Enquirer: 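Mind having a look at this structure? Questions to follow.
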Amino acid sequence: MGTRLGALVERLGGQLVGDANLEVSGIAPLAEAGVSHISFLSNSKLRAEALQSQAAALIVSAADDAFIAAGFSGARIVVANPYVYFARAAQYFESLTAVAPAPGVHATAVVAASAKVAPSAHIGARVVIEEGAVIGENAVIDAGCYIGRDAVIGADTHFFANVTFHARCQIGKRGILHSGAVIGTDGFGFANEGGVYIKIPQTGRVMIGDDVDIGANTSIDRGALADTIIEDGVKLDNQIQIGHNCHIGAHTAMAGCVGVAGSAKIGKYCTFGGAAMVLGHLTIVDKVHVGSGSMVSRSILEPGQYTGFYPLAKNAEWEKSAAIVRNLSTMRERIRALEKIIKTKTENNES
Amino acid sequence: MGTRLGALVERLGGQLVGDANLEVSGIAPLAEAGVSHISFLSNSKLRAEALQSQAAALIVSAADDAFIAAGFSGARIVVANPYVYFARAAQYFESLTAVAPAPGVHATAVVAASAKVAPSAHIGARVVIEEGAVIGENAVIDAGCYIGRDAVIGADTHFFANVTFHARCQIGKRGILHSGAVIGTDGFGFANEGGVYIKIPQTGRVMIGDDVDIGANTSIDRGALADTIIEDGVKLDNQIQIGHNCHIGAHTAMAGCVGVAGSAKIGKYCTFGGAAMVLGHLTIVDKVHVGSGSMVSRSILEPGQYTGFYPLAKNAEWEKSAAIVRNLSTMRERIRALEKIIKTKTENNES
Amino acid sequence: MGTRLGALVERLGGQLVGDANLEVSGIAPLAEAGVSHISFLSNSKLRAEALQSQAAALIVSAADDAFIAAGFSGARIVVANPYVYFARAAQYFESLTAVAPAPGVHATAVVAASAKVAPSAHIGARVVIEEGAVIGENAVIDAGCYIGRDAVIGADTHFFANVTFHARCQIGKRGILHSGAVIGTDGFGFANEGGVYIKIPQTGRVMIGDDVDIGANTSIDRGALADTIIEDGVKLDNQIQIGHNCHIGAHTAMAGCVGVAGSAKIGKYCTFGGAAMVLGHLTIVDKVHVGSGSMVSRSILEPGQYTGFYPLAKNAEWEKSAAIVRNLSTMRERIRALEKIIKTKTENNES
């Protein structure tokens with residue numbers, strides 16, 4: 001099952017140079033593409049490699065097209081952004097073979113009487129949906145998911161198997177939640193009385209916009225009093241922790257293992273590398289990019305790229321540098337002492 | 001649904017200054033409280049803000065009361081610790097509206113013949129309870145949980161949906177386990193023979209005290225031979241990993257993403273910031289506070305606050321400082337060389 | 001239920017010095033072993049402690065045997081590697097008491113018509129197995145697991161309760177997956193168009209070899225186009241994240257909370273301490289050992305031990321050292337200035 005190049009370009013745009021009737025079966029990286037594949041050149045450094053590709057057609061930028069045209073005998077699709085075009089083409093090929101889950105509720109699902117499930121939605125085996133929950137049109141809730149009381153799931157949203165989505169939380173349209181994700185668990189809120197913790201009830205919700213993806217085994221706390229907010233287009237990878245009352249701006253992305261403590265306010269169009277950490281009650285403005293393994297311990301009020309991790313070294317070298325780091329103030333004192341001696345000597349010489 | 005101020009004070013204590021018959025519907029932060037809410041002043045820095053609050057009543061400390069009394073026209077509840085009082089009041093308001101799950105076993109639950117479930121316990125849809133397990137009075141086991149063979153769940157303990165609690169592990173009274181938590185999974189124990197790992201059976205248990213909360217997607221390993229111990233009042237946030245044979249002292253709290261390697265012995269009343277890490281086979285005494293993102297690589301034998309993470313900087317600055325950190329021993333050598341030259345010169349001059 | 005020393009040695013090898021008819025009931029650490037236990041001395045530093053053990057028999061190396069023989073009155077089993085022998089003996093004792101799960105499919109499991117389940121396999125309560133999946137001989141799939149379409153589970157592999165194993169992924173023989181593990185979730189792949197993320201379909205698989213253990217709440221992404229590969233004998237602890245298209249070489253072990261970004265290629269016989277992080281698209285050769293909390297940000301092309309974390313200190317000391325780290329380039333400038341002055345002075349003196 002595949003498509004003709006002409007049909008692809010008609011659907012996704014781009015300028016086709018070559019045979020519109022050529023059948024292609026799928027998309028593959030430059031080196032792995034066979035004669036029935038299309039491939040893509042998203043990085044000009046790979047131009048030479050692209051000429052060696054067996055692909056039937058290449059997706060290229062206008063900037064790379066002259067070079068490719070001179071040395072590549074297959075078809076070309078010239079586009080503004082080859083990587084984005086690749087993503088859309090891959091989505092299209094996937095749609096050709098995807099098995100759409102049948103609408104309806106599996107016989108083993110447990111759906112409360114007052115829950116409202118759209119007729120076009122798919123509810124898999126062993127799903128539990130509590131009273132008052134609402135499942136939108138064409139939503140797909142795979143096996144073993146749990147949907148709490150009065151939760152709202154938007155149209156075309158897909159929960160993979162074994163997602164837990166707690167009471168009163170909401171997610172918009174076209175969201176994807178991966179297995180093991182837990183949305184709306186209690187925030188970590190306690191008052192301390194003589195060393196003993198008294199639980200503060202967590203009565204807020206998690207409110208998630210449209211087009212949000214949440215990774216496997218990621219957890220998002222419900223707000224303590226107000227809500228935790230995840231705006232449109234946010235992408236969260238696996239194993240992430242978002243504390244209560246956080247606010248994550250639209251189109252911000254976080255890689256795996258990131259942790260965000262409670263009440264952090266993060267702007268739009270930010271990115272966080274894997275295992276980056278954000279302390280609570282601070283503000284990060286739009287377009288901030290935090291590197292992997294870096295700890296944000298103060299507010300960041302200026303867009304840009306921020307980093308903070310200890311550089312890796314051979315263990316013996318690290319032992320040495322870490323020992324000095326522990327005593328940096330001693331080193332500073334020694335420099336000060338030297339400066340003072342030099343200054344005294346120089347003054348003496350000058351006098 | 002709400003309560004009269006008089007009823008609240010009768011139940012929770014504190015000195016009411018104002019109308020005991022005033023109805024309040026709930027609790028809210030200073031800035032968000034409306035005329036039917038009570039609010040609280042737990043930080044004297046917010047005194048001025050408190051005076052602007054629309055709240056019907058304020059919970060205040062004796063120290064702040066004179067200031068508030070002079071400028072706030074609503075009622076006051078004067079208490080020893082406003083934040084603790086807030087927690088208890090919030091619990092009370094929650095109890096007024098909470099829907100208590102009905103006692104009994106859902107028709108789709110699978111309960112082994114020899115398991116003992118208290119008649120007052122609630123067992124949700126799709127729960128599986130294996131042979132010999134014991135579920136205490138008023139325990140609530142939500143949908144999809146798994147309770148292993150001979151496990152023991154204390155009275156009034158609540159498992160949210162999709163908790164996994166393995167064979168022979170025990171938890172006391174009033175515990176809360178959040179979704180995705182896995183208790184009693186095998187510890188990471190292997191013997192290495194010529195590069196190949198031979199599994200060491202993990203035959204210990206996880207023994208958890210009373211009033212313990214465990215967050216979403218947190219995992220606690222069973223002991224290898226002896227047990228992993230979590231004492232009373234411990235609070236663990238989400239995404240935490242506790243290795244086999246750890247011992248965590250009473251009323252210790254850990255924020256999200258903390259990892260504790262095997263056989264660590266942690267004292268009472270400790271706190272661990274988010275993503276703090278503790279290596280195995282070490283000891284941390286009572287009342288140690290470890291900052292977020294900090295790695296405990298040696299025993300800590302003195303109470304206090306400990307920290308260790310690389311400070312965040314703009315990426316270009318970090319690149320510079322990290323390059324120097326890599327070569328700190330060179331810098332130290334240069335200082336030594338300077339000191340030697342100065343010393344020689346000084347001695348020459350003196351001679 | 002126990003075994004005679006003679007039977008143990010017949011099964012596992014080693015040279016028995018003592019009564020072959022002695023019954024032992026299990027294995028325990030030196031200090032905890034009672035008169036019906038065997039124990040083991042895997043570290044010569046514990047020789048003196050071993051002499052105090054109440055154990056009926058000790059597993060010792062040839063190197064330690066003379067010392068032990070002189071002071072210990074119980075039996076000895078002299079072996080090449082006491083710790084490996086302990087692991088095997090513990091496995092043997094466990095096998096004596098383990099309750100083998102009965103072959104067959106639980107009445108509440110949902111198994112698709114075209115799935116192939118070996119008659120000797122055990123399928124627990126509430127398991128869901130999708131179309132085309134294959135479950136090998138003697139496999140044990142505990143309650144609540146989800147096995148996706150066309151997935152393949154090898155013989156003697158054990159999934160603990162609530163594992164999610166997605167479509168088309170494969171695992172070999174004798175694997176162990178712990179609760180909450182998610183295999184074959186979508187990788188984190190997006191193209192960015194004007195700030196908005198366009199999802200790249202993740203159509204590869206996760207291919208897992210034989211004798212692989214995967215910990216609780218660990219997630220492994222399926223490949224984007226090609227597959228994610230986990231070779232034979234890999235051991236992954238809890239809370240680990242493996243990105244799409246990673247390749248992890250045979251007999252590599254990772255402790256809890258490790259994160260590996262996409263397309264990292266990791267060699268054989270490596271170890272990663274807890275919370276170590278590996279950036280994407282880099283290469284780590286065989287026999288590399290990365291310390292806990294350390295970030296691998298570049299390829300490692302030489303075997304050895306690598307570390308990189310900020311040393312813990314009392315908070316006040318850390319504040320001081322971190323402030324200097326932020327300004328290390330200033331310190332370097334001051335040293336350069338001193339060197340220049342000294343050099344000038346020396347040259348002047350010499351001229």
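Atom set for the values below is all heavy atoms of this structure, side chains included, hydrogens, waters and symmetry mates excluded. Predicted model, so just to flag it, every value in this text is computed and none were measured. Naming convention: chains lettered A, B, ... in sequence-line order (proteins, then strands); numbering from 1 in each chain.
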Enquirer: Of all of A:E32, A:R298, A:K268, A:E319, which one pairs up most often with chain C through heavy atoms under 4.5 Å apart?
Expert: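 Top option by heavy-atom pairs under 4.5 Å: A:R298.
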Enquirer: Kindly write out the residues that satisfy side-chain hydrogen bond (donor to acceptor under 3.5 Å, both in side chains) with A:H122, not counting sequence neighbours, or none if the list is empty.
Expert: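 For A:H122, no residue satisfies side-chain hydrogen bond (donor to acceptor under 3.5 Å, both in side chains) once neighbours in sequence are set aside.
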Enquirer: How many angstroms lie between atom CD1 of C:I335 and atom CD of A:E339, to the nearest 0.5 angstrom?
Expert: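 Atom-to-atom, C:I335:CD1 and A:E339:CD are 9.0 Å apart.
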Enquirer: Using 0.5 Å steps for rounding, measure from the NZ atom of C:K320 to the OG atom of A:S329.
Expert: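 Reported to 0.5 Å precision, the distance equals 4.5 Å.
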Enquirer: If we ignore angles and hydrogens, is there a donor and acceptor under 3.5 Å between the side chains of C:S219 and A:Q239?
Expert: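 A:Q239 and C:S219 do have a side-chain donor-acceptor pair below 3.5 Å.
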Enquirer: What distance separates C:I198 CD1 from A:Q91 CD, expressed to the nearest 0.5 Å?
Expert: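 The CD1 atom of C:I198 sits 7.0 Å away from the CD atom of A:Q91.
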Enquirer: Counting a contact as any heavy-atom pair under 4.5 Å apart, which residues of residues 142-149 of chain C contact chain A?
Expert: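 Interface residues of residues 142-149 of chain C: C:G144, C:C145, C:Y146, C:R149.
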Enquirer: Under a 4.5 Å heavy-atom cut-off, does chain A meet the side chain of C:I240, its backbone, both or neither?
Expert: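 For C:I240, the backbone is the part near chain A, not the side chain.
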Enquirer: Of all the heavy-atom pairs spanning A:A87 and C:A191, show the shortest one and how long it is.
Expert: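 So the minimum-distance heavy-atom pair works out to CB-CB, 3.9 Å.
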Enquirer: Walk me through whether A:E94 and C:K199 qualify under salt bridge (Lys or Arg N to Asp or Glu O under 4.0 Å).
Expert: CA-CA 12 Å; A:E94 197 198 25; C:K199 182 177 174 73; over 6 Å; no
Enquirer: Could you check whether any side-chain heavy atom of C:H166 comes within less than 4.5 Å of a side-chain heavy atom of A:S179, counting everything from C-beta outward?
Expert: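 In contact.
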Enquirer: So, taking the atom named OH in C:Y197 and the one named OG1 in A:T252, what distance separates them when rounded to the nearest 0.5 Å?
Expert: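 So the OH of C:Y197 and the OG1 of A:T252 are separated by 7.5 Å.
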Enquirer: Can you tell which part of A:A90 gets under 4.5 Å to a heavy atom of chain C, answering side chain, backbone, both or neither?
Expert: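 Answer is both: backbone and side chain atoms of A:A90 are under 4.5 Å from chain C.
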Enquirer: For A:T218, is it the side chain, the backbone, both, or neither that has a heavy atom closer than 4.5 Å to a heavy atom of chain C?
Expert: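 Neither part; nothing is under 4.5 Å.
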Enquirer: Look up atom CE in C:M331 and atom CE in A:M331, then write down how far apart they are to the nearest 0.5 Å.
Expert: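 Rounded to the nearest 0.5 Å, the CE-CE separation comes to 6.5 Å.
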Enquirer: Determine the option with the most heavy-atom pairs under 4.5 angstrom with chain C, choosing from A:A323, A:G291, A:A253.
Expert: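 If we count pairs closer than 4.5 Å to chain C, A:A253 comes out on top.
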Enquirer: Which heavy atom in A:L328 sits nearest to a heavy atom in C:V325, and how many Å separate them?
Expert: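 Smallest interatomic distance, heavy atoms only, reads CD1-CG2, 3.5 Å.
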Enquirer: Quick check on C:M277 against chain A: is it the side chain, the backbone, both or neither that has a heavy atom closer than 4.5 Å?
Expert: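 Contact with chain A: side chain only.
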Enquirer: Report the distance from atom CG of C:N327 to atom CZ of A:R332, rounding to the nearest 0.5 Å.
Expert: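 Going from CG on C:N327 over to CZ on A:R332, the span is 9.0 Å.
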Enquirer: Pull out the residues in residues 231-238 of chain A that come under 4.5 Å of chain C, heavy atom to heavy atom, sorted by number.
Expert: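 Within residues 231-238 of chain A, the residues under 4.5 Å from chain C are A:G233, A:K235, A:L236, A:D237, A:N238.
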Enquirer: Measure distances from C:V278 to the heavy atoms of chain A and classify the residue's part below 4.5 Å as side chain, backbone, both or neither.
Expert: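 For C:V278, no heavy atom lies under 4.5 Å from chain A.
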Enquirer: Tell me which of these, A:I27, A:D213, A:N81, has more heavy-atom pairs under 4.5 Å with chain C than the rest.
Expert: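 Counting heavy-atom pairs under 4.5 Å, the top option is A:D213.
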Enquirer: Using non-hydrogen atoms only, which part of C:L338 is less than 4.5 Å away from chain A: side chain, backbone, both, or neither?
Expert: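 Contact with chain A: side chain only.
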Enquirer: Counting only non-hydrogen atoms closer than 4.5 Å, can you tell me which residues of residues 306-317 of chain C sit against chain A?
Expert: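 Within residues 306-317 of chain C, the residues that come under 4.5 Å of chain A (heavy atoms only) are C:Y306, C:T307, C:G308, C:F309, C:Y310, C:P311, C:L312.
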Enquirer: So which of A:S292, A:A107, A:G273, A:G180 has the biggest tally of heavy-atom pairs under 4.5 Å with chain C?
Expert: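 Answer, by heavy-atom pair count under 4.5 Å with chain C: A:S292.
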Enquirer: Between the main-chain N or O of A:H178 and the side-chain N or O of C:D186, is there a donor-acceptor pair closer than 3.5 Å?
Expert: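 No; judged by distance alone, with no hydrogens or angles, the pair does not exist.
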Enquirer: Would you say the side chain of C:N162 lies within less than 4.5 Å of the side chain of A:N162, judging by non-hydrogen atoms?
Expert: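 Side chain of A:N162 against side chain of C:N162, heavy atoms only: no contact under 4.5 Å found.
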Enquirer: Quick check: do A:H106 and C:V110 have side-chain heavy atoms less than 4.5 Å from each other?
Expert: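 SC-SC contact between A:H106 and C:V110 confirmed.
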